[in-house]
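Everything numeric here is computed off the predicted structure, so don't read it as measured data. Note that these values count all heavy atoms, side chains included, but never hydrogens, waters or copies made by symmetry.
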Amino acid sequence: MKQELENQLNEIYEKISEELNVPKSLYDKFTNSYETLGEYLSNNIENYDIRVFPQGSMRLGTTIKPISEHDDYDLDAVCEVFDFNDDAQKLKHLVGDTLKQSIRYSKLLKREEGTRCWTLEYSDETNFHMDILPSTPTTINTTQLKITHKDKNTLQYTYKTSDPEKYALWFENKQKLEKEKIMKRMLEIYGSVESVPQFKTRTTLQKTIQLLKRHRDIMFSGENNESKPISIIITTLVAQVYTGEENIIQLIEKLCNEYINFIEIDDNQNYVIKNPVNENENFADKWVQHPDRKVAFFNWINTVKQNLMVNNFLTINSLENKVLILKKAFGDTIVNSVFENQGKESKELSKNNNLFIDNSKNGNLTQTRTTIPIKNHTFYEE
């Protein structure tokens, strides 16, 4: 019974992750925005070589659709200025002033600069904003960067260090085992690596992170939005427990059971979630000044345990109540879309005599051929 429910729930989670994923047309549009921005900055910042590249969810393949069609996609970019030997304030404003000189980008540029970034707000048929992080390499032949930081209280500019590329490589390496399995299956279908659609190579790690980010966004969609767990903490903890052998529901359960193994407490009794590629960076450092964020994180983990794990659904008999839990976790729009599509798929399978009843006493629907076919039937009759 439990195994059967796990399989069904995992299939639903797979479909929800598909709904959350960025459509290829938008992915191409976002990619073009990065490339166009990089070309502009390279052509207009004199005396320096420039490179603009995505970081965060776009780089990791974990971007999700906003809850509402009126909300923005949130993109992150790094503007790397090579051989820059001046202070952080000058670097920050070198990038910002160059954007202000553009007729196009000056209209998109958010008036107030952020603590670390400049923000472009795109508002055509797809709303999205792009945070641009000015940076320069710490040394020659390294991916480590000095990034600009403006203190909100003193208004002083300083450099901090970060290495988004090294983190991305760590994240990619975590997926190596599952990626190889996926590509082996896809090559049997498509024949060549070039022919395999990118959305077909998404891993359980990426899908699970997308689901958990949506669960977080729904949970903190009210006034407590500022305290919600940040994506880098969710991403890091899920990646730490992932081995490449799990399905989505198993990975969620592993996170809930093992996440605490990757949270330390320092000599000052403060929580530490280490950057796996830089042990001196603590992703939970803001919890000291904002203890509400620590409380919010542990509340969120407990809610994931209550909402998304198999045992929670074992005690619920009706499909209607199970759907209500999924809607509470992921939102009405996404869940409605999944079940509507599933209904259409079942209708088509039944119409073509490819839907059967399981021979077991449970009587579940299956695409595996059995001795009991579903007769041609019109679902959702007018």
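Between Phe330 and His215, the two ring planes are perpendicular [angle over 60°; tilted spans 30° to 60°]. Ring planes of His93 and Trp118: perpendicular class, angle over 60° (limits at 30 and 60°).
Summarising the local packing, CG of Asp83 is surrounded by 12 or fewer heavy atoms from other residues, nucleotides or ligands at distances under 6.0 Å. Within 6.0 Å of atom CD1 in Ile140, 12 or fewer heavy atoms from other residues, nucleotides or ligands are found, so the atom counts as exposed in its surroundings.
Annotation: cation-pi geometry not satisfied between Lys322 and Phe313 (NZ/CZ under 6.0 angstrom from ring centroid, within 45° of ring axis).
Side-chain contact of Thr236 with Tyr167: a donor-acceptor pair under 3.5 Å is present, judged by distance alone.
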How far apart are the C-alpha atoms of Glu19 and Ser337, what are their side-chain angles, what is the distance that settles it, and do they pass the side-chain hydrogen bond (donor to acceptor under 3.5 Å, both in side chains) test?
CA-CA 8 Å; Glu19 290 286 336; Ser337 180; 3.1 Å; yes
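Under the rule for a side chain to side chain contact (heavy atoms under 4.5 Å, CB included), the partners of Thr119 that lie at least two apart in sequence or sit in another chain are Lys110, Glu121, His129, Asp131.
Taking the six-membered ring for Trp, Tyr34 and Phe53 have ring centres at least 6.0 Å apart. Not less than 6.0 angstrom separates the ring centroid of Phe220 from the ring centroid of Trp300.
Looking only at side-chain heavy atoms (C-beta outward), Phe128 and Leu26 stay at 4.5 Å or farther from each other.
A side-chain contact (heavy atoms from CB on, under 4.5 Å) with Pro164 is found for one member of Val277, Ile147, Val78 and no other, namely Val78. With respect to Thr204, the side chain to side chain donor-acceptor pair (under 3.5 Å) criterion is satisfied by exactly one of Glu178, Glu245, Glu246: Glu178.
We find that Lys274 and Glu281 are not joined by a salt bridge, their nearest charged nitrogen and carboxylate oxygen being 4.0 Å or further apart. With respect to the salt-bridge test (charged N to carboxylate O, under 4.0 angstrom), the residues Lys24 and Asp28 qualify.
Two different hydrophobic clusters hold Phe283 and Val288 under the rule that ILVMFWY side chains link at heavy-atom gaps under 4.5 Å.
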